[in-house]
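Computed from a predicted model, the values in this text were never measured in an experiment. For the single chain, residues carry numbers from 1 onward in sequence order. Whatever order the structure lists ligands and atoms in, that order sets their numbers, starting from 1.
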Amino acid sequence: MYNNSISIWAEKLRKREVSSAELTQFFLKRIEKLDPQYNSFITTCNEQALAQANAADALLAKGDAPALCGIPIAHKDIFCTRGVLTTCGSKMLANFVPPYNATSVENFARAGTVTLGKTNMDEFAMGSSNETSFFGPVKNPWDKECVAGGSSGGSAAAVAACLTPGATATDTGGSIRQPASLCGITGIKPTYGRVSRWGMIAFASSLDQGGVMARNAQDAALLLSTMASFDAKDSTSIERPVEDYSHTLNTSLEGLTIGVPDEYFGEGLNPETATTVQAAIAEIEKLGAKTKAIQLPHTKLAVPAYYVIAPAECSANLSRFDGVRYGYRAELKEGEGVEALYVRSRSEAFGDEVKRRIMVGAYALSAGYYDAYYAQAQKARRLIQQDFVEAFKEVDLIMGPTAPNPAFKIGAKGNDPVAMYLEDIFTIATNLAGLPGMSIPCGFVDNKPCGLQIIGNYFAEGRMLNAAHQFQCATDFHSFEPADIA
Ligand code: GLN
């Protein structure tokens, strides 16, 4: 029963076959017992969770509770949670307890969900392996010597090991899709602006987008319908009614055209990953969709453009961590002033990858270099976006690999930032264009999970989840699970 889907748990809760308090205790016990092996949680919220569960049970007893009422979930530790430690994976915020909830957290609370805890992540969401966390790496439940992917590795590993039926996550350049792929689960990053960024600690604001992880597309649809909202507190939030993504899951794929980009099957892609993903696309064809080869000619500019734009934005966003307003404050020596307070607090509390990005970003934005780097990167970003605009004139969805390789060994890429950055070659372009993307399990490479990436046009989340659900009705890759989690 540990592996029941959210929709099954929701039905059992409604029929009162199980109470939210029992369910919550069940998952808290699993976390306590199994998580020392994975390190997927930074904080668990035992007391608060049981209080939320009791409140949910009272609502359920009345009979008109929202769909997710009483369901336990986990939040990535980038979302501010009132009264609960929110670290963003950093020593800088290792003591930060926010006085408010992020809008996403609030949306889930209003729907009656229970917060089991806060999941581990790369420091300030910078990374592809969850090795930059101040709280230590997350281990992949499929192979504990391997990374879980990043930056939402904690959420992905927790869902894969069934320590929670679902989790929130964020994706700036691939951080929902890549760990979902490496951990064999379903993850979706919606269109930029669909999920509020308010209370979600900022990394690169023009790219950051919240989303969800679950064991299948049906559950992801339930979670995303609750998380998405218009939010006046986020100036990039889009005022548009939220769809109930569960309603369109069963639409036939007959007549759908799937674009398969040539650029996503070239250099850098593990050949076994390529054949596994191609087999998955063939399966989608069997369900009635047609495929069409397409070109996204500026794909090669995505990683270089991202690694100018994301650091530039992060250097501005992270300037707020100054030892005065939030988090860590260095101890000053006799005679040291405010300058030393800034320098030493930031030097002592940020990790290497965060420092590297701040330096690159500050350099790229400095007088004399702005036009050479930042302005060029913005031009590349527009070309990448135009590629997608052209492609979506001819196709309904785009499919390809999520990550170039299956999960790699912890430590294998630690000293090579560029090798790490290339983990996201297939995911970054969607963030630059603001498009929705998702990853679903589609097979195994080296006995480790492999993900199929589905990219949609703006606000095509319903169609993406529909295609994913139809694939999952016809295949069982999403129901495999790691060996020792029972
Ligand atoms: N791996 C990418 C990076 O390191 C993307 C991270 C993310 O999506 N948050 O920036």
Problem set entry | Part of Phe124 with heavy atoms under 4.0 Å of ligand 1, whether side chain, backbone, both or neither | neither
Seminar exercise, completed: Going by the 4.0 angstrom heavy-atom rule, the piece of Thr172 near ligand 1 is both
Problem set entry | Neighbour count above 12 (heavy atom, 6.0 Å) for Asp244 CG | yes
Problem set entry | Ala125 neighbourhood, listing ligand 1 atoms whose heavy-atom distance to it stays under 4.0 Å | 6 (C), 7 (C), 9 (N)
For this session: Using distance alone, determine whether Gly174 and ligand 1 share an N or O pair under 3.5 Å.
Result: yes
For this session: Give the residue and atom name of whichever protein heavy atom lies nearest to atom 6 (C) of ligand 1, and the separation in Å to one decimal.
Result: Ser175 OG, 2.9 Å
For this session: Note the single closest protein heavy atom to atom 3 (C) of ligand 1, along with its residue, its atom name and the distance in Å.
Result: Tyr307 OH, 3.2 Å
Exercise. For ligand 1, which atoms, with element, lie under 4.0 Å from some heavy atom of Asp171?
Worked result: 8 (O)
For this session: Kindly indicate whether a cation-pi arrangement holds for Lys448 with Trp142, taking the cut-offs as under 6.0 Å to the six-membered ring centre and within 45° of the axis.
Result: no
Exercise. If you measure every N/O of Phe203 against every N/O of ligand 1, is any gap under 3.5 Å?
Worked result: no
For this session: Measure from NZ or CZ of Lys118 to the centre of the six-membered ring of Phe41, then state whether that distance is under 6.0 Å and the direction lies within 45° of the axis.
Result: no
Exercise. Cation over ring, Lys91 on Tyr328, under 6.0 Å and within 45°?
Worked result: yes
Problem set entry | Heteroatom proximity flag, Tyr306 to ligand 1, N/O under 3.5 Å | yes
Problem set entry | Pair Arg197 + Asp208: basic N to acidic O under 4.0 Å | no
Exercise. Do the side chain of Thr191 and the main chain of Phe459 share a donor and acceptor less than 3.5 angstrom apart?
Worked result: yes
For this session: Just jot down the ligand 1 atoms closer than 4.0 angstrom to any heavy atom of Ser151, in number order.
Result: 9 (N)
Exercise. For ligand 1, is there an N or O atom under 3.5 Å from any N or O atom of Met126?
Worked result: no
Problem set entry | Which of the ligand 1 atoms, numbered from 1, are nearer than 4.0 Å to a heavy atom of Gly127 | 1 (N), 2 (C), 3 (C), 4 (O), 6 (C)
Exercise. What residues, two or more places apart in sequence or in another chain, satisfy salt bridge (charged side-chain N to carboxylate O under 4.0 Å, His left out) together with Asp35?
Worked result: none
Exercise. Of all heavy-atom pairs between Lys76 and Thr170, which one has the smallest distance, and what is that distance?
Worked result: NZ-OG1, 2.7 Å
Problem set entry | contact_flag Ala310 ligand 1 heavy-atom lt 4.0 Å | no
Problem set entry | Partner set under salt bridge (charged side-chain N to carboxylate O under 4.0 Å, His left out) for Asp396, not counting sequence neighbours | Arg463
Exercise. Closest non-hydrogen protein atom to atom 1 (N) of ligand 1, residue and atom name please, with distance?
Worked result: Asp424 OD2, 2.5 Å
Exercise. Should the proximity of Arg357 to ligand 1, defined as any heavy atom under 4.0 Å, be assigned to the side chain, the backbone, both, or neither?
Worked result: side chain
Exercise. Under a 4.0 Å N-O cut-off, is there an ion pair linking Lys413 with Glu423?
Worked result: yes
Exercise. Heavy atom of Tyr421 under 4.0 Å from ligand 1?
Worked result: no
